[in-house]
Each structure stands twice: as C-alpha cells, then as structure tokens.
Number of protein chains: 2
Amino acid sequence: MITLAEENYLKAILKLSKNSENSISTNAIADELETKASSVTDMIKKLTDKQLVDYVPYRGVNLSKSGLNKAIEIVRKHRLWEVFLVTKLQFKWDEVHYIAEQLEHIKSQKLVDALDTYLGYPQHDPHGEPIPNKDGQFPKSFSKRLSELEKGSSGQVVGVSQDNQSFLQYLNSLKITLGTSIRVIQKIDFDNSLEITINNESAHISNDVARNLLIKQK
Amino acid sequence: MITLAEENYLKAILKLSKNSENSISTNAIADELETKASSVTDMIKKLTDKQLVDYVPYRGVNLSKSGLNKAIEIVRKHRLWEVFLVTKLQFKWDEVHYIAEQLEHIKSQKLVDALDTYLGYPQHDPHGEPIPNKDGQFPKSFSKRLSELEKGSSGQVVGVSQDNQSFLQYLNSLKITLGTSIRVIQKIDFDNSLEITINNESAHISNDVARNLLIKQK
DNA sequence: TTTAAAATTTAGGTAAATCTAAAAATTAAA
DNA sequence: TTTAATTTTTAGATTTACCTAAATTTTAAA
C-alpha cells in the first residue's frame, strides 16, 4: 500500500521531471513540498525500497516505471476532480486546487472510471492542463508557453501550467482567463518580461507569468 | 485541526450513542473500530483535551456539544457522497460505503454545501438513512424497525440502519431492497427471529437482520 | 462480602513522517 | 588544485496512532 505522503512525493517528482531532463535533486523536492532536505532523503529511501523511484545517493532520483504510473494516476484524479468541481458544482477555476489536492488521494479505480465517464472523458482540466487517460496517455498539446512566442505574434490562452490560487487570482486581476487573446508587443531582454496586449489592452508581465501561460497560435 | 483518526472515533461514538442512553464504553469503541481498548483509551484522552468528548475514567465517554457537531458533519458528508455515487455515478447501494468512508474526510465546507445543492438537498441516503441538514438537524423519520412490528402487520422497506457490504449483499440475495413489501407472519420467541413474506414470498430472517430493516407502515 | 472475572488504564514500545544539528560529499571559486 | 560554499546524508528526537503486557478498577458470582 502506498501512503498519502508517498503519493505526494511521487506527484512532486513527476512535476519537477516535466521541467528537466536530469534527475531530481533532494533540495528541489524539499522546496516543492515545503519540507526539509533530510525529510526528503528519508522518504526517498522508502520509495526506493518500494521500487517507485531510482535513486543514486547525492545524485538525485527518477521515477521508476511503476512510480511514474502511480504519479500519472494521481494527476489524472486531481484533474478529473477539478473538472467535476468546476463543471458540476460551479466552482471557480482558482478555488479548486486545494480541494482536488484532497480528492486525488481517494482510492477506488471504479470511482475514477465512473467519474471520467460522467464528465464525458474530458481531455483538459479547468486550467487547460492535459488529463491523462486510463492508460496514462496525455492528450497531444498544440500550445506553446507565452514566453516562447516571437515579438509580434499572438494567440489564445488555452491553459496555465501552474494552478496555485495566488497565480490564478493574479491572472483574474489581469483579466486573463481561458480563451483570452494575447499579442506580444515587446520582449525585454533584461529580465525576459513582456509587453503584451490582453484583448487589445496593453500590459506588462514578468517572465515568471509568461512561462506559465499556455498559448495556442492561429 | 482534527485528524482523520479523531474523526473516525467521533463517528464511532455517535453511532454507538444511537443505540444506548448510557456513556459509551472503551470496549464498545474498540469493537466498532476494530482496534484495542488501550488504543481507545489513548485516543479518548486526546479527544478530551480537545473538548470533543466528556470522559470519566472507567465510566466511558459521551460526545460534547462540539464533538457531536463534528460527528454529525461527518455523517452528513458520508451520506451526501453516497447519494452522489448512486444517483450520479450509477453505483449500486452495496458498493458505496467503502468509498464514502474516504470521501467523508474531505475538508471543505463549500464543497459539502455545493454537493448538497447539486444533489437537490436529499433527506435520505441510498440506504434510507437520514441525512442531517446544514444545521445538523436530522429529518423526522416515520419508520420502525422490522423487529418492532406486530405479528400480522406489514409495510415497506424505507431504509437500513447498517450499510456494510455483506449485510446489503445478503438483502440483495433475499430480494429485499428499498420499497420492498414485507409482512410479519410469525415471531419466534426463542431467538426473536421472524417468519415474513417478501413481496408475498415467504422467508425466515434473524433478529439481527430484522433490527436493521426500517419499515414504513401504511 | 469476599473473590473471581471482566473491563479499563498504565507503562513501555513500534512505525511513519517529520524535525534540527552535525557530518560527509559534491560543486564552484579563488 | 586547494579551499570554501553548497548540497546531501546521517544521527538522534518528536508526534501520532497504534500495539502488548501488566497493573488497576469495576462488576458479577459464589
């Protein structure tokens, strides 16, 4: 049996793996989970014993095959529950993360499948993030990060690659939501921030924000 | 903050309180939760410190005002989730208990309220058990236990007062479900078992079963 | 009403998941 | 390439929720 804490570690390692080719460092996991490096080392040993990760001391970890499967299953549940909360219970997109963090740990294969069916096999969650299917496959994405767009080009927001409440609320304040049209007016080399237009209103956003906005170009 | 284990203790004490006027004994709780009496004593001390129960050593416990509120809230969540599973996700009534045991611990007042609204403020769960409202009030019940019916009288099954899987599956095998008509043909003094008819087919059931069947007489 | 049985509590211990502080290994800088 | 800084691990504690075994209290029986 896999514990709640173990599930959270697997999920964190998967998330960190998406942004790097290399093994995931102890400190990176500690930062992600807001815990201490020594706690991470402890837990990594447990995950190694259960063959959920491959670990070389001082060199970091990678998810094993079975660890990856488990992690993807948790992401699947998280995102399906988010869809449920927004489409059925009328939650806002910036309210669902905390609740889905709890719901993602409910154990019942039958429940996940029934939920998926009930929701109509959605491919994206309310933040535009892809929902892996029953076999762990992610739907193909045609989006780019806003930070990767050329000066002058434009597109529509189809997702965000982070769903913490403060980020989403900041987007709300910028009047950015799914479907919003954005054009890159100027790229500032100094700090990689961007001058953009949001539905033709101009604004200035940091690289940090631009990196987490997924854009589909026409 | 109240932990998962603490919530399970509160729920167990509430359940046991329904069947007795007296304080709840350590052993009764241990039996209910399939744990040891010494573990129960430990936990009772924690609950006492948090003022969730009133406790007199060697004399048992009772839920305090706030402990009762918490326990009722858990029951409310359990039963609302059961309604969700059966009415929206097409689960059978004997499949939902285990999953609802997990879902009842999800923490979000807003979620419970939204779920209640979404389900149309149901008053009973799929086993006919009453669902307390937002204020902790249980709907009035007009049902009796089958074991309390006189010889010759009859009525319809409107609920069960236990929802473990083996009991519900036994009912399925007897062709008893919500709405089934039952008549008491004979009461056997020796073991308090009953000769009954189920939709006019005769059967013999133990007192244990009869006590857990809720009947509404015409 | 004394004694035996049953129930309950206490004492001491374990595993999971955390922590701090110190030691060891790796990386970067002079 | 030696040293300093950073990262990671180890050692030793803590808290929660359990456990077993022994001691204590209550209840029931003789």
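Quick note on labels: first sequence line is chain A, next is B, and so on, each numbered from 1.
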Separation of atom [atom1] in [X] from atom [atom2] in [N], rounded to whole Å:
X: B:E34; N: D:dC19; atom1: CD; atom2: P; value: 11 Å
X: B:I24; N: C:dA7; atom1: CD1; atom2: P; value: 15 Å
X: B:L47; N: D:dC18; atom1: CG; atom2: P; value: 11 Å
X: B:E6; N: D:dC18; atom1: CD; atom2: C1'; value: 14 Å
X: A:L33; N: C:dA16; atom1: CG; atom2: P; value: 19 Å
X: A:E7; N: C:dA16; atom1: CD; atom2: P; value: 16 Å
X: B:N8; N: D:dC18; atom1: CG; atom2: C1'; value: 14 Å
X: B:I29; N: C:dT9; atom1: CD1; atom2: C1'; value: 14 Å

Please determine if a side-chain N or O atom of [X] lies less than 4.0 Å away from the OP1 or OP2 oxygen of [N].
X: B:T35; N: D:dC19; answer: yes
X: A:K46; N: C:dA16; answer: no
X: A:Y9; N: C:dT18; answer: yes
X: A:N27; N: D:dT6; answer: no
X: B:R59; N: D:dT27; answer: yes
X: B:K36; N: D:dC18; answer: no

Under a 3.5 Å cutoff, is there a donor and acceptor pairing between the side chains of [X] and [Y]?
X: A:H124; Y: A:E129; result: no
X: B:W93; Y: B:D125; result: no
X: A:S25; Y: A:N27; result: no
X: A:N172; Y: A:D94; result: yes

Using side chain to side chain contact (heavy atoms under 4.5 Å, CB included) as the criterion, list what pairs up with B:A210, not counting sequence neighbours.
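Checked B:A210 against side chain to side chain contact (heavy atoms under 4.5 Å, CB included); matches are B:L146, B:S147, B:L194, B:I205.
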At under 4.0 Å between heavy atoms, what does A:S39 touch on the DNA or RNA strands: base, sugar-phosphate, or nothing?
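Touches a base.
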Scoring nucleotides 10-15 of chain D by protein non-hydrogen atoms under 4.0 Å (B base, S sugar-phosphate only, - none) yields B-----
In terms of the angle between their ring planes, are A:W81 and B:F84 parallel, tilted or perpendicular, with boundaries placed at 30° and 60°?
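Rings of A:W81 and B:F84: tilted, as their planes differ by 30° to 60°.
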Can a salt bridge be assigned to the pair B:K134 and B:D113 using a cut-off of 4.0 Å between side-chain N and carboxylate O?
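Looking at B:D113 together with B:K134, the answer is yes, because their closest N to O distance falls below 4.0 Å.
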